[in-house]
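Right, one structure below, let's go through it.
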Amino acid sequence: MTERKPDHLSWQSWIERQIRDAQRGGAFDDLDGQGRPIEGLDTVHDDLWWVKAKLRDEDINYLPPTIAIRAERANAIDAALRSVTETEARFLIDEVNTRIRYVNSHATSGPPSTVVTIDLNAFIDRWQAERPPEPPTPTDAPLAAMQTEPPGRRRWWHWWRRRPRR
């Protein structure tokens, strides 16, 4: 801890004297960044410059919800178009529609939201139009004709045959 400021010295002269003493003692000789310019020293900053710098340094992306929902909507449409089943596509569109309704009704900061929900029926028609027709499913009739034993007994018999002998 440093000593107390003497009454006869001003704050500026007392601090400058401490800095000079530390320089003579070599306290500033091996500092990181020595000789390099200070980043952003000549730029004019707005009121939230430090918040923007912190977000950039921490690699955090933040958008107001009314702007972020636009990207979420586009990503949900792409994911739903790539989905394999209609149920999955419906689920993705329902989820983003719920989020859009919430943002449109609860957003209080940022620009106003102009994002509209996705018409589910029109989207499913589009999804089905982009899919090739499904091949017919094979029937299980030939397989059922080949079975001679009831399935329950057959399983039991296989278990019995796998049982080790004593």
Side-chain angles (χ1 to χ4, degrees), residues 1-140:
M1 188 155 144
T2 61
E3 72 272 3
R4 295 182 61 89
K5 180 184 87 62
D7 291 334
H8 67 279
L9 291 176
S10 68
W11 280 103
Q12 184 175 3
S13 62
W14 180 63
I15 292 172
E16 287 179 5
R17 184 177 56 128
Q18 287 183 328
I19 292 173
R20 277 194 308 272
D21 292 344
Q23 284 176 336
R24 274 189 242 124
F28 301 124
D29 289 346
D30 296 329
L31 294 178
D32 290 338
Q34 181 181 4
R36 285 186 270 161
I38 298 174
E39 191 175 317
L41 188 62
D42 296 333
T43 59
V44 178
H45 297 293
D46 61 347
D47 293 339
L48 297 175
W49 68 270
W50 62 275
V51 174
K52 293 175 186 174
K54 183 68 172 172
L55 291 174
R56 184 181 60 247
D57 293 344
E58 297 291 327
D59 196 26
I60 297 172
N61 297 325
Y62 174 75
L63 289 174
T66 55
I67 295 175
I69 194 66
R70 295 175 190 173
E72 289 179 35
R73 183 181 190 268
N75 292 339
I77 289 173
D78 291 341
L81 286 174
R82 287 190 311 267
S83 65
V84 179
T85 63
E86 182 179 335
T87 307
E88 183 182 354
R90 283 181 183 275
F91 176 77
L92 291 170
I93 297 302
D94 280 338
E95 287 292 314
V96 80
N97 279 344
T98 303
R99 177 93 171 105
I100 289 170
R101 285 187 202 100
Y102 179 81
V103 168
N104 286 345
S105 63
H106 287 84
T108 58
S109 63
S113 177
T114 57
V115 179
V116 296
T117 58
I118 302 166
D119 181 13
L120 185 60
N121 293 329
F123 182 82
I124 293 301
D125 291 342
R126 175 181 169 193
W127 182 85
Q128 289 173 345
E130 293 183 9
R131 295 278 170 274
E134 294 184 16
T137 58
T139 61
D140 294 336

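Note that these values count all heavy atoms, side chains included, but never hydrogens, waters or copies made by symmetry.
Residue pairs meeting the side chain to side chain donor-acceptor pair (under 3.5 Å) criterion with at least one partner in residues 111-122, sequence neighbours excluded, are N104-S113.
Within 6.0 Å of CD1 in I38 there are 12 or fewer heavy atoms belonging to other residues, nucleotides or ligands. No more than 12 heavy atoms of other residues, nucleotides or ligands sit less than 6.0 Å from atom CD of Q12. Other residues, nucleotides and ligands contribute more than 12 heavy atoms inside 6.0 Å of the CG atom of D21. Other residues, nucleotides and ligands contribute more than 12 heavy atoms inside 6.0 Å of the CG atom of D29.
R131 and A80 get closest at one heavy-atom pair: NH2-O, 4.3 Å. Residues R70 and P112 share a closest heavy-atom pair of NH2-O, 4.2 Å. The two residues Q23 and F28 come nearest to each other via the heavy atoms CG-CD1, 3.5 Å. Contact detail for V84 and W127: the closest heavy-atom pair is O-CZ2, 3.5 Å. Scanning all heavy atoms of the two residues, the minimum distance from R36 to D32 falls at NH2-C, 4.1 Å. Residue T66 comes nearest to P111 through the heavy atom pair OG1-O, 2.8 Å, listed as atom of the first residue, atom of the second, then distance.
For D57 and K54, the salt-bridge test fails: no basic side-chain N is under 4.0 Å from an acidic carboxylate O. A salt bridge links E86 to R90: one of the charged nitrogens lies within less than 4.0 Å of a carboxylate oxygen.
No side-chain heavy atom of V115 sits under 4.5 Å from any side-chain heavy atom of V103.
Scored by the side-chain contact (heavy atoms from CB on, under 4.5 Å) test, S13 finds L9, S10 as partners (sequence neighbours excluded). D46 is linked by a side-chain contact (heavy atoms from CB on, under 4.5 Å) to W49, K52, counting only residues two or more places apart in sequence or in another chain.
Interatomic distance, CZ of R82 versus CD of E130, reported as 12.0 Å (0.5 Å rounding). To the nearest 0.5 Å, atom CZ of residue R73 and atom CD1 of residue I69 are 9.5 Å apart. Note that CZ of F91 and OG1 of T85 are 11.0 Å apart. Values are rounded to the nearest 0.5 Å. Taking CD1 from I77 and CZ from R126, the interatomic distance works out to 6.5 Å, rounded to the nearest 0.5 Å. A distance of 4.0 Å separates CD1 in I93 from CZ in F123, rounded to the nearest 0.5 Å. To the nearest 0.5 Å, atom CG of residue L92 and atom CG of residue N97 are 11.0 Å apart.
Between H106 and Y102, the ring planes are parallel. Angles under 30° get that label, and only those over 60° would be called perpendicular.
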